[in-house]
Amino acid sequence: MRNVPSLELVDRVAAGDIGAIARMITRAESGQEECRPALAEIYRRTGRAHIVGITGVPGSGKSTLMGKLTATIRTTGRKVAVVAIDPSSPFSGGAILGDRIRMNELAGDKGIFIRSMATRGSLGGLARATLDAVDVLDAAGFDLILIETVGVGQDEVDIVQAAHTTIVVSAPGLGDDIQAIKAGILEIADIHVVSKCDRPDSNKTIVDLKGMMTLGLNFSGNSNWRVPVIATSALKLEGIAELVEAIGQHRKALESSDELDARRKRIAERRMLKTAEEILRDEFEKHRDGKVSALVSQMLAHKTNPYSAAQDLLAEIRMEK
Amino acid sequence: MSKNSGIIRILIAKVGLDGHDRGVKVVARALRDAGMDVIYTGLHRTPEEVVRAAIQEDVDIIGVSILSGAHMTVFPRILELLKESEAEDIIVTGGGVIPDDEVDDLKKLGVKEVMLQDTPPQNIIDSMQRLVTERGPR
């Protein structure tokens with residue numbers, strides 16, 4: 001499959017052709033103009049899949065859980081795609097993408113598609129083209145699309161602006177009841193998972209999280225949904241079926257209120273803003289030696305200021321369109 | 001960071017009953033430090049798993065590390081599966097402990113580069129970049 005135009009890939013993507021899906025994601029990742037009309041056509045065909053985000057600190061067991069979760073969902077016959085994100089090196093730009101290792105048992109199943117992505121300088125836990133890849137998989141007919149973020153710290157919460165359902169994975173032994181009431185990542189969960197529950201100290205983590213839930217704060221902003229805390233063990237295969245059940249129930253709760261539409265709107269808004277930022281960054285690079293350089297000289301000479309210079313640059317870009 | 005079209009994607013795999021992964025980790029790290037996206041499959045994979053992963057990940061190159069002596073079985077199978085899947089534009093390379101005359105045999109079969117145990121990391125990086133340049137855009 002050499003040099004097939006992106007637009008010709010669209011129908012093959014919709015027919016579920018694995019090679020075409022994979023190549024389309026590569027094109028989206030490359031960010032080249034050539035694939036824009038194809039991605040536009042693909043976007044038109046999306047909207048059916050349930051998009052589920054899984055996030056948590058590095059080493060919390062996201063990939064392993066993802067492997068077991070995907071296998072369990074497959075027993076219901078639904079097609080599952082996984083987009084697993086790992087960090088790029090800030091120094092070389094390269095990346096080791098190792099999430100597949102934890103999902104090897106899934107390799108033989110045609111109803112499963114796994115794609116690894118590197119962040120390539122993007123912050124917030126997702127890669128720049130993550131949602132384009134999700135569109136491709138949605139248009140290809142996958143029922144569930146799971147996004148695994150990079151291992152995050154306390155504050156990388158982009159996933160809420162990308163997924164319909166967000167799962168936060170916590171591992172036993174990290175932090176206490178005070179950690180559990182802090183702002184940030186724990187607030188974004190629609191479902192909490194405490195992984196590695198074959199470990200003796202896992203009960204404390206479960207109790208801390210449940211304690212946080214009873215402080216009367218309904219974080220997920222969805223009044224007919226109570227955020228569950230699910231204990232899982234990938235080793236003993238415990239809690240996985242319960243988690244699949246919770247994901248389905250959350251989807252039902254979203255659909256039976258206006259929350260699904262609200263979240264879709266939130267995702268669309270965020271994507272437009274993010275894309276606008278990317279376009280501006282690209283334009284900035286294009287103008288670096290011209291208008292940008294001229295305006296910088298003026299700023300250094302105190303003939304203009306950052307705000308006016310930015311307005312001038314935006315005017316210049318708009319004039320060219 | 002803006003356009004990313006130039007980033008090489010490579011799948012590094014260990015196939016069959018071969019538990020020696022120190023070398024493959026050194027290679028993976030060197031390729032990462034050269035700015036490539038490196039997908040590592042882990043140990044004990046089958047040729048079928050490797051090819052399926054390579055297609056889903058749409059990699060430019062597959063690199064199989066093999067120190068078990070099974071290279072004359074594993075490489076032909078991988079090449080055959082790629083052909084069946086119409087994914088022959090994925091470049092196959094290998095490395096490990098392989099006798100010199102069988103290096104020639106592998107190259108005749110379609111393995112584009114074989115890197116033996118004394119190959120400096122920089123040569124591996126250079127080979128990968130050269131192979132992708134020779135193939136051209138896709």
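Naming: A, B, ... by sequence-line order, numbering from 1 per chain.
Heavy-atom minimum distance, A:Asn3 versus B:Pro137: OD1-O, 3.0 Å. Minimum interatomic distance between B:Asp37 and A:Ala118 (heavy atoms only, all atoms of both residues): OD1-CB, 3.6 Å.
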Working for side chain to side chain contact (heavy atoms under 4.5 Å, CB included), residues B:Glu86 and A:Asp17:
CA-CA 12 Å; B:Glu86 291 172 43; A:Asp17 178 335; over 6 Å; no

Going through the distances and angles, do B:Asp58 and A:Met24 end up as a side chain to side chain contact (heavy atoms under 4.5 Å, CB included)?
CA-CA 9 Å; B:Asp58 195 27; A:Met24 198 61 230; over 6 Å; no

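In this structure a side-chain-to-backbone donor-acceptor pair under 3.5 Å is missing from B:Gln56 to A:Phe113.
Heavy atoms from other residues, nucleotides or ligands lying under 6.0 Å from CG of B:Asp101 number more than 12. Other residues, nucleotides and ligands contribute only 12 or fewer heavy atoms inside 6.0 Å of the CZ atom of B:Arg22. Open room surrounds NZ on B:Lys83; 12 or fewer heavy atoms of other groups in view lie less than 6.0 Å from it.
Comparing B:Ile10, B:Thr46, B:Leu11, B:Ile55 by how many heavy-atom pairs each has under 4.5 Å with chain A, the most go to B:Ile55.
Only the backbone of B:Arg29 has a heavy atom closer than 4.5 Å to any heavy atom of chain A. Looking at B:Glu57, the atoms closer than 4.5 Å to chain A (heavy atoms on both sides) sit in the backbone and in the side chain alike.
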